[in-house]
Amino acid sequence: MRIGPYSLPNKLILAPMAGVTDRPFRQLCKDMGAGLAVSEMVTANSLLWGSRKTQRRIDHNGETEPCSVQIAGADPQMLADAARYNVDHGAQIIDINMGCPAKKVCNALAGSALLRDEALVGRILEAVVKAVTVPVTLKIRTGWDPSQRNAITIARIAEQAGIQALAVHGRTRACGFSGAAEYETITAIKAAASIPVIANGDINDPHKARQVLRQTGADAIMIGRAAQGRPWLFRMIQHYLETGELLPEPPIGEIRQILLGHLHRLYEFYGERTGVLVARKHIAWYSKGQTGGGNFRQAINGATTVTEQLRQVQAFLDAVEENVACAA
Ligand SMILES: Cc1cc2nc3c(=O)[nH]c(=O)nc-3n(C[C@H](O)[C@H](O)[C@H](O)COP(=O)(O)O)c2cc1C
(Lines give C-alpha, C1' and ligand atoms only; values in the text may rest on other atoms or scores of the structure.)
Protein backbone atom coordinates (compact mmCIF):
# COMPACT_ATOMS: atom_id res chain seq x y z
CA MET A 1 0.00 0.00 0.00
CA ARG A 2 1.53 3.28 -1.11
CA ILE A 3 0.38 6.80 -0.38
CA GLY A 4 2.49 9.14 -2.47
CA PRO A 5 6.13 8.54 -1.50
CA TYR A 6 5.19 6.47 1.56
CA SER A 7 5.16 2.73 1.36
CA LEU A 8 3.11 1.55 4.34
CA PRO A 9 4.31 -1.56 6.20
CA ASN A 10 0.90 -3.20 5.81
CA LYS A 11 -2.73 -2.67 4.80
CA LEU A 12 -4.05 -1.75 8.26
CA ILE A 13 -5.01 1.82 9.10
CA LEU A 14 -6.39 3.30 12.31
CA ALA A 15 -9.44 5.45 11.44
CA PRO A 16 -9.56 9.08 12.52
CA MET A 17 -11.75 9.42 15.60
CA ALA A 18 -12.27 12.77 17.31
CA GLY A 19 -11.59 12.44 21.02
CA VAL A 20 -9.85 9.08 20.51
CA THR A 21 -7.00 9.11 17.98
CA ASP A 22 -4.75 11.50 19.85
CA ARG A 23 -0.98 11.08 19.62
CA PRO A 24 -0.73 8.53 22.49
CA PHE A 25 -3.40 6.26 20.98
CA ARG A 26 -2.04 6.58 17.44
CA GLN A 27 1.44 5.67 18.59
CA LEU A 28 0.16 2.73 20.62
CA CYS A 29 -1.75 1.38 17.61
CA LYS A 30 1.32 1.86 15.40
CA ASP A 31 3.42 -0.01 17.98
CA MET A 32 0.82 -2.80 17.87
CA GLY A 33 0.79 -3.16 14.11
CA ALA A 34 -1.18 -0.35 12.47
CA GLY A 35 0.62 0.68 9.28
CA LEU A 36 -0.88 4.18 9.45
CA ALA A 37 -2.97 6.10 11.99
CA VAL A 38 -4.98 9.19 11.08
CA SER A 39 -5.17 12.05 13.57
CA GLU A 40 -8.26 13.60 15.08
CA MET A 41 -9.59 16.30 12.78
CA VAL A 42 -8.03 19.75 12.91
CA THR A 43 -10.48 22.52 12.08
CA ALA A 44 -9.86 24.73 9.06
CA ASN A 45 -10.89 27.71 11.19
CA SER A 46 -7.58 29.42 11.90
CA LEU A 47 -9.11 31.36 14.82
CA LEU A 48 -9.08 28.08 16.74
CA TRP A 49 -5.50 27.05 15.94
CA GLY A 50 -4.16 28.70 19.08
CA SER A 51 -6.47 26.65 21.33
CA ARG A 52 -4.99 23.96 23.58
CA LYS A 53 -7.11 21.40 21.72
CA THR A 54 -5.68 22.25 18.31
CA GLN A 55 -2.16 22.63 19.67
CA ARG A 56 -2.36 19.06 20.97
CA ARG A 57 -3.82 17.84 17.68
CA ILE A 58 -0.91 19.22 15.69
CA ASP A 59 1.69 17.68 18.02
CA HIS A 60 3.48 14.76 16.34
CA ASN A 61 6.55 14.68 18.52
CA GLY A 62 8.12 11.23 18.43
CA GLU A 63 5.33 9.74 16.31
CA THR A 64 6.29 6.93 13.93
CA GLU A 65 6.22 8.23 10.34
CA PRO A 66 4.29 8.92 8.23
CA CYS A 67 2.06 11.29 10.23
CA SER A 68 -1.37 11.69 8.67
CA VAL A 69 -3.44 14.65 9.81
CA GLN A 70 -7.12 15.08 9.05
CA ILE A 71 -8.49 18.54 8.35
CA ALA A 72 -12.17 19.53 8.40
CA GLY A 73 -13.96 22.52 6.97
CA ALA A 74 -15.95 23.69 3.98
CA ASP A 75 -14.08 26.60 2.47
CA PRO A 76 -11.43 25.71 -0.16
CA GLN A 77 -9.05 28.54 0.80
CA MET A 78 -9.37 27.90 4.54
CA LEU A 79 -8.76 24.19 4.01
CA ALA A 80 -5.75 24.95 1.83
CA ASP A 81 -4.36 27.20 4.58
CA ALA A 82 -5.07 24.50 7.18
CA ALA A 83 -3.23 21.93 5.08
CA ARG A 84 -0.21 24.22 4.78
CA TYR A 85 -0.28 24.99 8.51
CA ASN A 86 -0.32 21.29 9.40
CA VAL A 87 2.47 20.45 6.97
CA ASP A 88 4.52 23.21 8.60
CA HIS A 89 3.86 21.41 11.92
CA GLY A 90 4.93 17.97 10.79
CA ALA A 91 2.02 16.46 8.82
CA GLN A 92 3.36 14.16 6.10
CA ILE A 93 -0.05 13.23 4.71
CA ILE A 94 -3.12 15.49 4.73
CA ASP A 95 -6.49 13.75 4.96
CA ILE A 96 -9.67 15.67 4.18
CA ASN A 97 -12.77 14.84 6.19
CA MET A 98 -15.89 14.29 4.09
CA GLY A 99 -17.04 11.37 6.17
CA CYS A 100 -17.95 12.69 9.56
CA PRO A 101 -21.67 13.00 10.27
CA ALA A 102 -21.23 14.93 13.54
CA LYS A 103 -23.76 17.75 13.91
CA LYS A 104 -21.15 20.37 14.68
CA VAL A 105 -19.34 19.56 11.46
CA CYS A 106 -22.42 19.12 9.26
CA ASN A 107 -24.19 22.28 10.39
CA ALA A 108 -21.31 24.22 9.00
CA LEU A 109 -21.66 22.20 5.78
CA ALA A 110 -18.49 20.28 6.35
CA GLY A 111 -17.72 16.59 6.84
CA SER A 112 -20.12 14.32 4.94
CA ALA A 113 -22.51 17.21 4.17
CA LEU A 114 -20.07 18.28 1.47
CA LEU A 115 -20.86 15.18 -0.56
CA ARG A 116 -24.08 16.89 -1.69
CA ASP A 117 -22.16 19.64 -3.46
CA GLU A 118 -19.90 17.94 -6.01
CA ALA A 119 -18.62 21.20 -7.51
CA LEU A 120 -17.52 22.38 -4.08
CA VAL A 121 -15.86 19.01 -3.42
CA GLY A 122 -13.81 19.53 -6.60
CA ARG A 123 -12.80 23.07 -5.61
CA ILE A 124 -11.76 21.95 -2.11
CA LEU A 125 -9.70 19.02 -3.33
CA GLU A 126 -7.93 21.06 -5.99
CA ALA A 127 -7.16 23.89 -3.57
CA VAL A 128 -5.72 21.56 -0.93
CA VAL A 129 -3.68 19.46 -3.38
CA LYS A 130 -2.25 22.65 -4.89
CA ALA A 131 -1.41 24.10 -1.47
CA VAL A 132 0.97 21.37 -0.27
CA THR A 133 3.70 19.13 -1.60
CA VAL A 134 2.74 16.16 0.60
CA PRO A 135 0.15 13.57 -0.51
CA VAL A 136 -3.50 14.42 0.14
CA THR A 137 -6.06 11.71 0.91
CA LEU A 138 -9.84 11.91 1.22
CA LYS A 139 -12.26 10.17 3.56
CA ILE A 140 -15.90 9.91 2.50
CA ARG A 141 -19.13 8.06 3.13
CA THR A 142 -20.98 6.42 0.24
CA GLY A 143 -23.22 9.47 -0.16
CA TRP A 144 -25.60 11.77 1.65
CA ASP A 145 -28.46 9.27 1.90
CA PRO A 146 -29.51 6.02 0.15
CA SER A 147 -31.12 8.00 -2.70
CA GLN A 148 -27.93 10.02 -3.26
CA ARG A 149 -25.07 7.53 -3.27
CA ASN A 150 -22.54 9.45 -5.35
CA ALA A 151 -19.27 7.98 -4.06
CA ILE A 152 -18.18 6.84 -7.54
CA THR A 153 -18.57 10.37 -8.89
CA ILE A 154 -16.70 11.72 -5.88
CA ALA A 155 -13.93 9.16 -6.48
CA ARG A 156 -13.54 10.44 -10.07
CA ILE A 157 -13.44 14.04 -8.87
CA ALA A 158 -10.82 13.00 -6.31
CA GLU A 159 -8.65 11.27 -8.91
CA GLN A 160 -8.77 14.28 -11.21
CA ALA A 161 -7.81 16.59 -8.37
CA GLY A 162 -4.72 14.53 -7.54
CA ILE A 163 -5.95 12.82 -4.37
CA GLN A 164 -3.63 9.89 -3.58
CA ALA A 165 -5.95 7.54 -1.67
CA LEU A 166 -9.65 7.36 -0.88
CA ALA A 167 -11.04 5.93 2.36
CA VAL A 168 -14.71 4.96 2.23
CA HIS A 169 -16.89 4.35 5.26
CA GLY A 170 -19.51 2.06 3.76
CA ARG A 171 -22.56 3.96 4.93
CA THR A 172 -24.40 7.07 3.80
CA ARG A 173 -24.44 10.10 6.04
CA ALA A 174 -28.13 9.50 6.80
CA CYS A 175 -27.37 5.96 7.95
CA GLY A 176 -25.20 7.23 10.80
CA PHE A 177 -23.74 4.08 12.31
CA SER A 178 -26.82 1.89 11.83
CA GLY A 179 -27.32 -1.02 9.45
CA ALA A 180 -24.56 -3.08 7.94
CA ALA A 181 -21.69 -1.44 6.08
CA GLU A 182 -22.24 -1.57 2.30
CA TYR A 183 -19.17 -3.43 1.13
CA GLU A 184 -20.75 -3.88 -2.29
CA THR A 185 -20.66 -0.10 -2.79
CA ILE A 186 -16.99 -0.09 -1.78
CA THR A 187 -16.38 -2.93 -4.28
CA ALA A 188 -17.93 -0.79 -7.04
CA ILE A 189 -15.84 2.23 -6.05
CA LYS A 190 -12.66 0.16 -6.08
CA ALA A 191 -13.52 -1.24 -9.50
CA ALA A 192 -14.07 2.27 -10.86
CA ALA A 193 -11.16 4.06 -9.21
CA SER A 194 -7.54 4.19 -10.27
CA ILE A 195 -6.27 5.49 -6.90
CA PRO A 196 -5.87 3.24 -3.81
CA VAL A 197 -9.16 2.61 -2.00
CA ILE A 198 -9.37 1.96 1.72
CA ALA A 199 -12.42 0.04 2.97
CA ASN A 200 -13.92 1.09 6.29
CA GLY A 201 -16.87 0.13 8.46
CA ASP A 202 -17.57 -2.61 11.02
CA ILE A 203 -14.25 -4.44 10.64
CA ASN A 204 -13.82 -5.92 14.08
CA ASP A 205 -11.85 -9.16 13.82
CA PRO A 206 -9.26 -10.93 11.65
CA HIS A 207 -11.88 -12.95 9.68
CA LYS A 208 -13.86 -9.84 8.85
CA ALA A 209 -10.66 -8.05 7.84
CA ARG A 210 -9.74 -10.77 5.34
CA GLN A 211 -13.31 -11.05 4.08
CA VAL A 212 -13.59 -7.30 3.44
CA LEU A 213 -10.21 -7.18 1.68
CA ARG A 214 -11.21 -10.11 -0.53
CA GLN A 215 -14.77 -8.95 -1.21
CA THR A 216 -14.00 -5.33 -2.01
CA GLY A 217 -10.55 -5.74 -3.58
CA ALA A 218 -9.60 -2.68 -1.51
CA ASP A 219 -5.95 -1.80 -1.17
CA ALA A 220 -6.19 -1.43 2.60
CA ILE A 221 -8.69 -1.48 5.43
CA MET A 222 -9.40 1.13 8.09
CA ILE A 223 -10.46 0.23 11.61
CA GLY A 224 -12.08 2.56 14.12
CA ARG A 225 -14.30 1.45 16.98
CA ALA A 226 -12.97 -2.11 17.20
CA ALA A 227 -9.52 -0.77 18.12
CA GLN A 228 -10.87 1.12 21.12
CA GLY A 229 -9.52 -0.70 24.18
CA ARG A 230 -8.07 -3.32 21.84
CA PRO A 231 -5.05 -1.87 20.06
CA TRP A 232 -3.56 -5.37 19.69
CA LEU A 233 -6.27 -6.06 17.11
CA PHE A 234 -3.88 -4.77 14.43
CA ARG A 235 -1.28 -7.37 15.39
CA MET A 236 -3.91 -10.12 15.39
CA ILE A 237 -5.22 -9.12 11.96
CA GLN A 238 -1.75 -8.78 10.45
CA HIS A 239 -0.77 -12.22 11.73
CA TYR A 240 -3.96 -13.75 10.35
CA LEU A 241 -3.52 -12.11 6.93
CA GLU A 242 0.06 -13.37 6.76
CA THR A 243 -0.39 -16.89 8.11
CA GLY A 244 -4.11 -17.77 8.21
CA GLU A 245 -3.60 -18.53 11.89
CA LEU A 246 -5.62 -16.83 14.64
CA LEU A 247 -3.61 -15.41 17.52
CA PRO A 248 -5.30 -15.63 20.92
CA GLU A 249 -6.27 -12.45 22.77
CA PRO A 250 -3.27 -11.27 24.82
CA PRO A 251 -3.00 -12.68 28.35
CA ILE A 252 -4.10 -10.37 31.15
CA GLY A 253 -0.46 -9.73 32.11
CA GLU A 254 0.21 -8.24 28.68
CA ILE A 255 -3.05 -6.28 28.71
CA ARG A 256 -1.91 -4.79 32.04
CA GLN A 257 1.37 -3.74 30.49
CA ILE A 258 -0.30 -2.21 27.42
CA LEU A 259 -2.99 -0.38 29.42
CA LEU A 260 -0.56 1.04 31.99
CA GLY A 261 1.80 2.14 29.22
CA HIS A 262 -1.13 3.83 27.47
CA LEU A 263 -2.19 5.61 30.67
CA HIS A 264 1.30 6.93 31.33
CA ARG A 265 1.48 8.28 27.78
CA LEU A 266 -1.89 10.01 28.29
CA TYR A 267 -0.80 11.61 31.58
CA GLU A 268 2.41 12.81 30.00
CA PHE A 269 0.66 14.20 26.92
CA TYR A 270 -2.30 15.92 28.62
CA GLY A 271 -1.03 16.57 32.15
CA GLU A 272 -2.70 15.09 35.22
CA ARG A 273 -6.13 16.75 35.23
CA THR A 274 -7.05 16.30 31.56
CA GLY A 275 -5.07 13.05 31.34
CA VAL A 276 -7.21 11.42 34.02
CA LEU A 277 -10.40 12.56 32.26
CA VAL A 278 -9.30 11.39 28.80
CA ALA A 279 -8.09 8.09 30.27
CA ARG A 280 -11.55 7.20 31.66
CA LYS A 281 -13.08 6.20 28.34
CA HIS A 282 -10.02 4.20 27.33
CA ILE A 283 -9.99 2.35 30.67
CA ALA A 284 -13.69 1.60 30.21
CA TRP A 285 -13.04 0.17 26.73
CA TYR A 286 -10.20 -2.04 27.97
CA SER A 287 -12.42 -3.39 30.74
CA LYS A 288 -15.24 -4.39 28.37
CA GLY A 289 -15.94 -8.11 28.49
CA GLN A 290 -13.87 -8.65 31.66
CA THR A 291 -15.54 -10.04 34.78
CA GLY A 292 -16.59 -7.19 37.08
CA GLY A 293 -16.11 -4.63 34.29
CA GLY A 294 -19.53 -3.00 34.79
CA ASN A 295 -18.99 -2.06 38.45
CA PHE A 296 -15.43 -1.06 37.74
CA ARG A 297 -16.49 1.33 34.98
CA GLN A 298 -18.80 3.18 37.37
CA ALA A 299 -16.18 3.36 40.11
CA ILE A 300 -13.34 4.55 37.88
CA ASN A 301 -15.19 7.77 37.01
CA GLY A 302 -14.83 8.83 40.65
CA ALA A 303 -11.03 8.82 40.49
CA THR A 304 -9.70 12.34 39.94
CA THR A 305 -5.95 11.89 40.40
CA VAL A 306 -3.36 9.78 38.62
CA THR A 307 -2.54 7.95 41.86
CA GLU A 308 -6.15 7.01 42.53
CA GLN A 309 -6.89 6.09 38.92
CA LEU A 310 -3.83 3.84 38.71
CA ARG A 311 -4.67 2.26 42.09
CA GLN A 312 -8.18 1.37 40.90
CA VAL A 313 -6.93 0.06 37.56
CA GLN A 314 -4.31 -2.14 39.26
CA ALA A 315 -6.88 -3.48 41.74
CA PHE A 316 -9.27 -4.32 38.90
CA LEU A 317 -6.55 -6.07 36.91
CA ASP A 318 -5.47 -8.00 40.03
CA ALA A 319 -9.06 -9.24 40.44
CA VAL A 320 -9.29 -10.21 36.75
CA GLU A 321 -5.96 -12.04 37.00
CA GLU A 322 -7.08 -13.91 40.11
CA ASN A 323 -10.30 -14.88 38.35
CA VAL A 324 -8.38 -16.20 35.35
CA ALA A 325 -6.04 -18.18 37.65
CA CYS A 326 -9.02 -19.72 39.50
CA ALA A 327 -10.73 -20.68 36.24
CA ALA A 328 -7.56 -22.31 34.87
C1 LIG B 1 -15.83 8.48 18.41
C2 LIG B 1 -15.71 8.60 16.91
C3 LIG B 1 -15.16 9.75 16.37
C4 LIG B 1 -15.02 9.85 14.97
N5 LIG B 1 -14.43 10.97 14.46
C6 LIG B 1 -14.19 11.05 13.13
C7 LIG B 1 -13.47 12.14 12.57
O8 LIG B 1 -13.05 13.07 13.29
N9 LIG B 1 -13.25 12.14 11.25
C10 LIG B 1 -13.70 11.14 10.42
O11 LIG B 1 -13.47 11.19 9.21
N12 LIG B 1 -14.39 10.10 10.91
C13 LIG B 1 -14.62 10.03 12.24
N14 LIG B 1 -15.27 8.94 12.75
C15 LIG B 1 -15.66 7.84 11.85
C16 LIG B 1 -14.56 6.75 11.81
O17 LIG B 1 -13.37 7.26 11.24
C18 LIG B 1 -15.03 5.53 10.98
O19 LIG B 1 -15.28 5.95 9.67
C20 LIG B 1 -16.28 4.89 11.55
O21 LIG B 1 -16.19 4.73 12.96
C22 LIG B 1 -16.55 3.51 10.90
O23 LIG B 1 -15.48 2.63 11.14
P24 LIG B 1 -15.57 1.48 12.29
O25 LIG B 1 -16.81 0.69 12.03
O26 LIG B 1 -14.31 0.69 12.13
O27 LIG B 1 -15.65 2.21 13.61
C28 LIG B 1 -15.45 8.82 14.13
C29 LIG B 1 -16.02 7.67 14.70
C30 LIG B 1 -16.14 7.54 16.07
C31 LIG B 1 -16.73 6.28 16.65
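Both counts, for ligands and for their atoms, begin at 1 and track the order of listing.
Only the side chain of Q70 comes within 4.0 Å of ligand 1, counting heavy atoms alone; its backbone N, CA, C and O stay farther away.
Against a heavy-atom cut-off of under 4.0 Å, K139 is close to the following atoms of ligand 1: 10 (C), 11 (O), 12 (N), 15 (C), 16 (C), 17 (O), 18 (C), 19 (O). Close contacts of ligand 1 with M41, meaning ligand atoms under 4.0 Å from a residue heavy atom, involve 8 (O). Below 4.0 Å from some heavy atom of R225 lie the following atoms of ligand 1, by number and element: 21 (O), 24 (P), 25 (O), 26 (O), 27 (O), 31 (C).
Under the 4.5 Å side-chain heavy-atom criterion for grouping Ile, Leu, Val, Met, Phe, Trp and Tyr, M1 is not connected to L166 through any hydrophobic cluster.
D219 and R2 are not joined by a salt bridge, as no carboxylate oxygen comes within less than 4.0 angstrom of a charged side-chain nitrogen. In summary, R56 and E40 do not engage in a salt bridge, as defined by a charged side-chain N under 4.0 Å from a carboxylate O.
In terms of polar-atom proximity, defined here as any N/O pair under 3.5 Å, G224 does make such a contact with ligand 1. Backbone and side-chain nitrogen or oxygen atoms of P16 are examined, and one is located within less than 3.5 angstrom of a nitrogen or oxygen of ligand 1. Where the criterion is an N or O separation shorter than 3.5 Å, residue side chain and backbone included, D202 meets it with respect to ligand 1.
Considering each of G19, A18, A15, the one bringing a non-hydrogen atom nearest atom 1 (C) of ligand 1 is A18.
When each of R52, K53, R23, R26 is paired with D59, the salt bridge (charged side-chain N to carboxylate O under 4.0 Å, His left out) condition holds for R23 and for no other.
For CD of E184, the number of neighbouring non-hydrogen atoms (other residues, nucleotides, ligands) closer than 6.0 Å is greater than 12.
For Q314 and D318, the side-chain atoms include no donor-acceptor pair closer than 3.5 Å.
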